[in-house]
Amino acid sequence: MKKTMSLIILSSILLIGCGKKADKDLANNPFLQEWDTPYGVPPFDKIDTSDYIPAFEEGMRLQNEEIDAIVKNQEAPTFENTILAMENSGQLLMKVELVFFNLAECLNSPQMEAIAEEIAPKLSTHGDNIMLNAELFKRVKSVYDDRENHEYTPEESRLLEETYKSFVRGGANVPEEKQARFREINEKLSLLTLKFGNNVLKATNDYKLVVDDVARLDGMPEDQLAAALEAGNADEATKGKYVFTIHLPSMEPFLMNCKDRELRHELWTAYSTRCTSGETDNTKIIDTILNLRLERAQILGFDSHAAYTLDDCMAQTPQKVFELLMQVWNPAIAKAKEEAAEYQKMIQKEGNDFKLEPWDWRYYSEQLRKEKYDLNDDIIRPYLSLDNVREGVFTVANKLYGITFKENKNLPVYHPEVVAYEVQENNKTIAILYMDFFPRESKRSGAWMTNFREQYIDENGNNVIPVVSLVFNFTKPTADKPSLLNFDETETFFHEFGHGLHSIFSKCRFRSLSGTNVSRDFVELPSQIMENWASEPEVLRMYAKHYKTGEVIPEELIQKIEAAGTYGQGFINTELIAASWLDMYMHNLPTHVNIQLPEFEDQALAKIGLIPEIISRYRSTYFQHIFSGGYSAGYYSYTWAAVLDSDAFEAFKEHGLFDQTTATAFRTNVLERGNTDEPMKLYVAFRGQEPSIEPLLKKRGLK
């Protein structure tokens with residue numbers, strides 16, 4: 001998921017001033033006005049980059065006043081005048097943050113980067129001023145310590161606990177003599193994580209493989225060639241040539257199909273060495289981030305950043321994470337070695353004597369899949385047009401939960417390609433859903449779900465519906481073909497939509513506990529369980545239809561997809577666990593080190609026996625999840641949640657894919673509950689037992 005609130009940062013010109021001009025600017029600022037748009041969605045068409053800084057500044061000023069009022073309250077601290085008052089503070093600031101930081105990820109520009117660079121350290125200081133406010137923490141602690149003498153609702157108790165914990169984790173107990181350094185670390189990290197992400201975006205956008213001889217593209221599918229030619233024709237300098245990039249929709253099909261090994265090597269090298277040199281070099285940034293995170297964790301009383309992070313997760317300790325990862329790693333690496341041996345035989349059978357390399361893996365994997373199962377992406381894609389997959393996702397949601405989706409073209413959008421829907425249940429709109437499907441240079445790579453507004457109950461008792469956004473980077477349609485997805489992209493759609501449902505169905509009183517505001521290793525359960533429906537034959541027959549003829553996917557092709565269901569899982573799980581291991585290894589270091597890349601990375605991965613034919617899913621210099629995306633010491637969560645989702649889906653397999661009793665139990669015990677209780681308690685309330693790893697290993701063909 002990319003529920004991203006990475007600090008992205010702003011200009012050297014302070015746009016808010018003094019006197020009448022400032023008052024006039026604020027009066028006309030859309031963030032300081034009531035949004036009269038349908039359902040109160042952001043008025044994207046009225047927001048200008050010049051509006052952000054004044055709105056941020058005003059939001060911080062107002063929250064400071066609200067916090068000051070709590071601290072100066074002469075009445076004894078209570079849940080209402082301290083905890084609830086804090087929960088309701090900073091609404092304007094949150095309003096601005098949710099719009100700005102989301103758009104900075106998918107509509108980035110030099111102006112947006114400048115704004116982010118201006119505001120990130122100010123937001124860091126603002127947050128520290130609250131968390132390190134001794135008088136405020138004194139009131140919070142007083143309410144917390146007296147909790148046994150009051151009858152709170154379960155959700156009130158959870159909010160009290162989470163508020164107290166956030167102060168402790170935010171440095172409230174840090175000795176006064178260390179607070180200045182603690183603040184300095186937070187400010188530096190806010191800027192460094194921003195710089196890291198901007199470097200990755202620039203390096204990804206800057207590279208283009210230009211091929212002028214189509215004969216060198218032997219093996220490439222016609223639709224991919226058409227897309228590459230269209231990309232070339234978009235620029236006068238490459239007109240008539242074929243352009244490929246290291247964005248996944250362009251790179252993956254190239255590596256899987258292009259017979260020219262030299263070209264595969266060139267593209268692969270550009271992808272895997274991003275941000276290792278030049279103006280986008282992230283190597284020193286990584287070293288600084290890791291050491292600052294370690295120092296901060298130790299100031300807070302933890303041995304490592306991983307120990308600090310996991311203390312607030314289901315896993316709780318690094319040791320439990322390493323144990324889980326090794327349970328999957330051992331069978332995965334054994335299977336990956338078998339796969340590598342098969343591909344090496346194919347190379348020799350062709351009469352070649354070169355050794356299998358990472359840029360060969362996808363190519364020979366695809367060739368062997370064709371040979372074994374008579375199956376390849378070219379056969380599948382025509383049945384997986386974007387429109388059909390979207391309707392499939394909507395159909396599954398309707399059959400499970402009874403909701404429908406109605407496009408509303410009157411809702412303002414932030415880009416012409418964005419589509420907006422009303423999510424309806426019993427003819428009532430329960431959420432707004434935006435979808436942003438295609439790559440552009442202003443958008444970071446990957447796919448993620450986020451919110452422009454989260455669900456909560458306002459002070460008047462009214463339910464405020466969420467405004468959810470799903471962002472993708474699917475292959476763009478061409479002049480004569482719609483966007484055609486491969487199966488991985490189809491699962492990605494289902495995955496992010498699962499995150500969306502977690503927010504859409506939220507029924508929480510407090511905003512900070514609602515929707516996806518749960519521990520990192522629980523948040524992937526709703527998303528990953530949705531992936532299971534994508535490949536079920538019963539579901540494929542509903543949505544997989546040929547984009548030209550409307551023909552339902554043939555039974556023969558469904559059988560081939562099922563037969564190849566665990567094909568390539570050695571590679572898939574090996575590269576995934578390698579990335580998770582690398583993340584944990586780096587963030588579990590107990591002492592400061594001078595990290596030299598790539599030597600440090602190679603040594604770390606050698607400890608678990610990663611074979612040279614496979615690299616980590618993300619190399620450190622472009623590992624945005626952990627260095628600019630909120631998953632530091634948390635990338636393991638995809639595997640942790642996979643244990644949960646594989647076990648949870650067994651309930652649907654036992655009772656029926658669309659069994660209403662099971663679906664209702666999952667909705668009421670997981671999707672609606674947010675962070676109102678301990679994650680394992682929510683899971684057990686649904687499943688009746690704690691999860692087993694066996695369904696995951698079986699599902700992935702590792703048992």
Side-chain angles (χ1 to χ4, degrees), residues 204 207-209 211 214-229 231 242-272 335-336 339-340 342-347 349-350 352 354 356-384 439 445-447 473-476 478 481 483-492 535 557 560-561 563-576 613-618:
T204 303
Y207 178 79
K208 291 179 175 61
L209 173 65
V211 181
V214 72
R216 296 195 69 186
L217 299 175
D218 187 22
M220 290 295 296
E222 286 299 321
D223 59 329
Q224 295 297 320
L225 287 175
L229 183 58
Y242 299 84
V243 171
F244 300 90
T245 71
I246 49 179
H247 290 281
L248 287 182
S250 177
M251 184 188 78
E252 287 279 3
F254 188 92
L255 293 175
M256 290 166 64
N257 295 288
C258 184
K259 292 183 179 180
D260 191 315
R261 188 171 187 246
E262 184 180 334
L263 288 180
R264 293 201 310 269
H265 187 193
E266 184 177 341
L267 189 70
W268 172 260
T269 301
Y271 169 78
S272 61
K335 192 165 188 176
E339 293 168 0
E342 286 189 286
Y343 305 152
Q344 192 65 56
K345 287 180 182 178
M346 292 187 74
I347 292 170
K349 189 177 179 180
E350 291 174 341
N352 295 308
F354 60 80
L356 179 73
E357 298 287 356
W359 53 91
D360 300 314
W361 191 287
R362 287 168 175 80
Y363 178 78
Y364 285 100
S365 176
E366 183 69 357
Q367 304 316 304
L368 188 60
R369 185 166 67 138
K370 292 176 185 177
E371 183 180 302
K372 277 190 171 183
Y373 305 102
D374 189 24
L375 186 68
N376 59 64
D377 273 5
D378 296 346
I379 298 173
I380 299 173
R381 281 183 188 273
Y383 296 94
L384 300 178
S445 59
N473 279 279
F474 295 144
T475 304
K476 282 190 173 185
T478 61
K481 282 186 180 179
S483 174
L484 300 177
L485 311 187
N486 63 22
F487 207 80
D488 284 344
E489 291 172 319
T490 299
E491 287 188 331
T492 294
S535 58
L557 186 49
K560 290 178 181 179
I561 292 173
T566 61
Y567 176 73
Q569 285 292 321
F571 170 80
I572 292 169
N573 285 278
T574 295
E575 64 157 9
L576 172 65
E613 296 88 349
I614 300 176
I615 70 166
S616 169
R617 177 169 292 185
Y618 300 101

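Everything numeric in this text was worked out from a predicted model, so none of it was measured. For this chain, numbers begin at 1 and follow the sequence in order.
- Looking only at distances, no side-chain donor or acceptor of E575 sits under 3.5 Å from a matching main-chain atom of I614.
- A donor-acceptor pair under 3.5 Å is absent between the side-chain atoms of E366 and the main chain of N257, judged by distance alone.
- At distances below 3.5 Å, not a single donor-acceptor pair connects side-chain atoms of N573 with backbone N or O atoms of G570.
- Judged as a ring pair (Phe, Tyr, Trp, His ring centres under 6.0 Å), and not counting sequence neighbours, the contacts of Y373 are Y567.
- A donor-acceptor contact shorter than 3.5 Å links the side chain of N486 to the backbone of D488.
- Judged purely by distance below 3.5 Å, without hydrogens or angles, the side chains of E266 and Y271 never pair a donor atom with an acceptor atom.
- With respect to E342 and K349, no salt bridge is recorded, no charged nitrogen being found less than 4.0 Å from a carboxylate O.
- Using a cut-off of 4.0 Å between Lys/Arg side-chain N and Asp/Glu carboxylate O, D377 and R369 are scored as salt-bridged.
- In this structure, the side chain of R362 does not engage the main chain of L255 through any donor-acceptor pair within 3.5 Å.
- Listed by chain and number, the residues in a side-chain hydrogen bond (donor to acceptor under 3.5 Å, both in side chains) with Q344 amount to none (sequence neighbours excluded).
- Between the side chain of R264 and the main chain of C258, a donor-acceptor pair closer than 3.5 Å is present.
- Atom NZ of K370 has more than 12 heavy atoms from other residues, nucleotides or ligands within 6.0 Å.
- With hydrogens and angles ignored, the 3.5 Å screen pairs no side-chain donor or acceptor of S365 with any backbone N or O of W361.
- Annotation for E350: atom CD counts as buried by contact number, over 12 foreign heavy atoms lying within 6.0 Å.
- For the atom pair K481 NZ and D223 CG, the distance stands at 4.5 Å (nearest 0.5 Å).
- For the ring pair (Phe, Tyr, Trp, His ring centres under 6.0 Å) test, residues two or more places apart in sequence or in another chain that qualify with F254 are F244.
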